[in-house]
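Structure first, commentary second.
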Number of protein chains: 2
Amino acid sequence: MANTSPSDLRALFDRVTRLSAADVWNAQLNPAQMATLEYLARANRFSRAPSHVADYLGATRGTVSQTLKALERKGHVTETRSSTDKRRTTYSLTQSGADAVAGDQDIQQILAALPAATRDGLESGLRDVLSALLARRDSRSFGLCRSCKHHATGPYCQLLDAALTAEEPNQICHEHAA
Amino acid sequence: MANTSPSDLRALFDRVTRLSAADVWNAQLNPAQMATLEYLARANRFSRAPSHVADYLGATRGTVSQTLKALERKGHVTETRSSTDKRRTTYSLTQSGADAVAGDQDIQQILAALPAATRDGLESGLRDVLSALLARRDSRSFGLCRSCKHHATGPYCQLLDAALTAEEPNQICHEHAA
DNA sequence: TTGCAATAATATCGACTCGCTACTATAAAC
DNA sequence: GTTTATAGTAGCGAGTCGATATTATTGCAA
């Protein structure tokens, strides 16, 4: 296991990616659509705009806009326009969208079956790769609300000056800062 | 780092995948084309047919056929038809194709910068996930020639009854068996 | 308060993936 | 010598994806 060459490791990562992507198609969704649904399922109410999804997935706003329209046609998300700032749109999962995310268990079953030590090693490696990727493209971290410097007990967000629900501290936030 | 939930880990994996895919587009290639080139760069001469690529990437033959045609139009691969079995076609990288693979250094640089222990943890985790995925879809392993049961010193392949070049034991083989 | 730059979301375009179903060759098995 | 399996391809429809342009809307400054 020692002396892993970066190119071998990269090939290994790519292959796992491709094979697990091939599994996602077994819903009526493609990988981009599933990734979008999964993000929406984990993001808080301040972070569900097309531009947030684009930023999170590393895609352009145009692409994400089309993906969200496709998901809307399939009934997995609904669009809500902001009344205060009419440029803003927010998307939410419908029940059918939430079901699709919950039903996508294939890779999760494999991960759940791994020994805890292996899972931890995998996670810490992926986290390191992710931080390097984020640093290079200087993208946002999308961390959990509760680990943010603007998070105050209450629960309350000092940046957005908003009271939070009980679940929100455990959701992903676009404005997250360490 | 402990108590990693499978769904968090899955989300982490997806995000790294998407962000690194976004980087690949910076060549004139999309992720599927780059993955195909990378496979061809690592596969031995018995393993470069469209169906082998399809099997490796978990895609259909039709899709791979089109991808190879696109790569051929761009001058990154060349087609060679077998004279003994006229159904068979083999693809090889051109210099331009090899350059494209070599130029795709972004993720490799990140991986190379990781501490060896982190890299090993990442690799062993990915390997476990890969074997589980392969077992479920009962796909081939595509291991290195030299680790195959048909590999004999010489170097020589007992299954295909063929003498091997010096590099071939270190390439990927479609017929690899443990 | 008019003017302009920044922001948010879409629309459109062309290249391409992807699963799918058909289809053509060719080769092997009976 | 016919059936069956294998290898590759074509064409279809849905949809991604980057690029570019367009339309609203907002905020700021002269």
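Order of the sequence lines sets the chain letters (A, B, ...), proteins ahead of strands, with each chain counted from 1.
- The two residues A:Asn170 and A:Leu144 make their nearest non-hydrogen contact at O-CD2, 3.5 Å.
- Side-chain contact of A:His52 with A:Ser47: a donor-acceptor pair under 3.5 Å is absent, judged by distance alone.
- Near-neighbour residues of DNA chain D inside residues 41-50 of chain B, defined by a heavy atom below 4.0 Å, number-ordered: B:Ala49, B:Pro50.
- When all heavy atoms are compared, the tightest approach of A:Leu159 to A:His150 is CB-CG, 3.5 Å.
- Taking all atoms of both residues into account, the shortest heavy-atom contact from B:Ser141 to B:His176 is OG-ND1, 3.1 Å.
- When DNA chain C is scanned 5' to 3' for any atom under 4.0 Å from a heavy atom of chain B, the first and last hits are C:dC16 to C:dA27.
- Position along DNA chain D of the nearest nucleotide to A:Ala70 versus A:Lys86 favours A:Ala70 as the more 5'-ward residue.
- In this structure, A:Arg119 contributes its side chain and A:Leu114 its backbone to a donor-acceptor pair below 3.5 Å.
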Could you run down the sub-3.5 Å N/O contacts of the protein with nucleotides 3-5 of chain D?
none

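- Here the closest non-hydrogen pair linking A:Leu93 and A:Ala41 is CD1-CB, 3.6 Å.
- Distances shorter than 4.0 Å separate some side-chain N or O of B:Ser51 from OP1 or OP2 on D:dG8.
- Using a 4.0 Å cut-off between a side-chain N of Lys or Arg and a carboxylate O of Asp or Glu, A:Arg127 and A:Glu123 qualify as a salt bridge.
- Between B:Lys69 and D:dT9, a side-chain N or O to OP1/OP2 separation shorter than 4.0 Å is present.
- The two residues B:Arg18 and A:Pro31 make their nearest non-hydrogen contact at NH2-C, 3.8 Å.
- In this structure, A:Arg48 contributes its side chain and A:Ala43 its backbone to a donor-acceptor pair below 3.5 Å.
- Residues from residues 57-64 of chain B that place a heavy atom under 4.0 Å from any atom of DNA chain C, listed by number: B:Ala59, B:Thr60, B:Thr63.
- At whole-Å resolution of the value, CG in B:Leu19 and P in D:dC17 are 12 Å apart.
- Residue contacts shown for A:Gln66 include a base, since a base heavy atom lies under 4.0 Å away.
- Near-neighbour residues of DNA chain C inside residues 72-84 of chain B, defined by a heavy atom below 4.0 Å, number-ordered: B:Arg73, B:Lys74, B:Thr84.
- Taking 4.0 Å as the cut-off between side-chain N and carboxylate O, A:Arg146 and A:Glu168 do not count as a salt-bridged pair.
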Sequence neighbours left out, cut at 3.5 Å: what donor-acceptor pairs do the side chains of residues 74-83 of chain A make with other protein atoms?
residue : atom : partner : partner atom : Å
A:Lys74 : NZ   : A:Gln28 : O            : 3.0
A:Lys74 : NZ   : A:Gln33 : OE1          : 3.1
A:His76 : ND1  : A:Ser96 : OG           : 2.5
A:Glu79 : OE2  : A:Lys69 : NZ           : 2.8
A:Glu79 : OE2  : A:Tyr91 : OH           : 3.1
A:Arg81 : NH1  : A:Thr89 : OG1          : 3.3
A:Ser82 : OG   : A:Thr84 : N            : 3.3
A:Ser82 : OG   : A:Thr84 : OG1          : 3.2
A:Ser82 : OG   : A:Asp85 : N            : 3.1
A:Ser82 : OG   : A:Asp85 : O            : 3.3

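- Here the C1' atom of nucleotide D:dT16 and the CD atom of B:Gln33 are 13 Å apart, to the nearest Å.
- When each of A:Arg18 and A:Thr89 is assigned the nucleotide of DNA chain C with its nearest heavy atom, A:Thr89 is the one assigned upstream, toward the 5' end.
- Between B:Glu38 and B:Arg42 no salt bridge is recorded (no basic side-chain N to carboxylate O distance below 4.0 Å).
- When all heavy atoms are compared, the tightest approach of A:Leu40 to A:Val53 is CD2-CG2, 4.2 Å.
- Side-chain N/O atoms of A:Thr67 include one lying less than 4.0 angstrom from OP1 or OP2 on D:dT16.
- Of the possible polar contacts, one joining the A:Arg140 side chain to the A:His174 backbone as a donor-acceptor pair under 3.5 Å is found.
- B:Tyr56 and B:Phe142 have perpendicular rings, their planes meeting at more than 60° on a 0 to 90° scale where under 30° would count as parallel.
- A donor-acceptor pair under 3.5 Å is formed between the side chain of B:Thr36 and the backbone N or O of B:Ala32.
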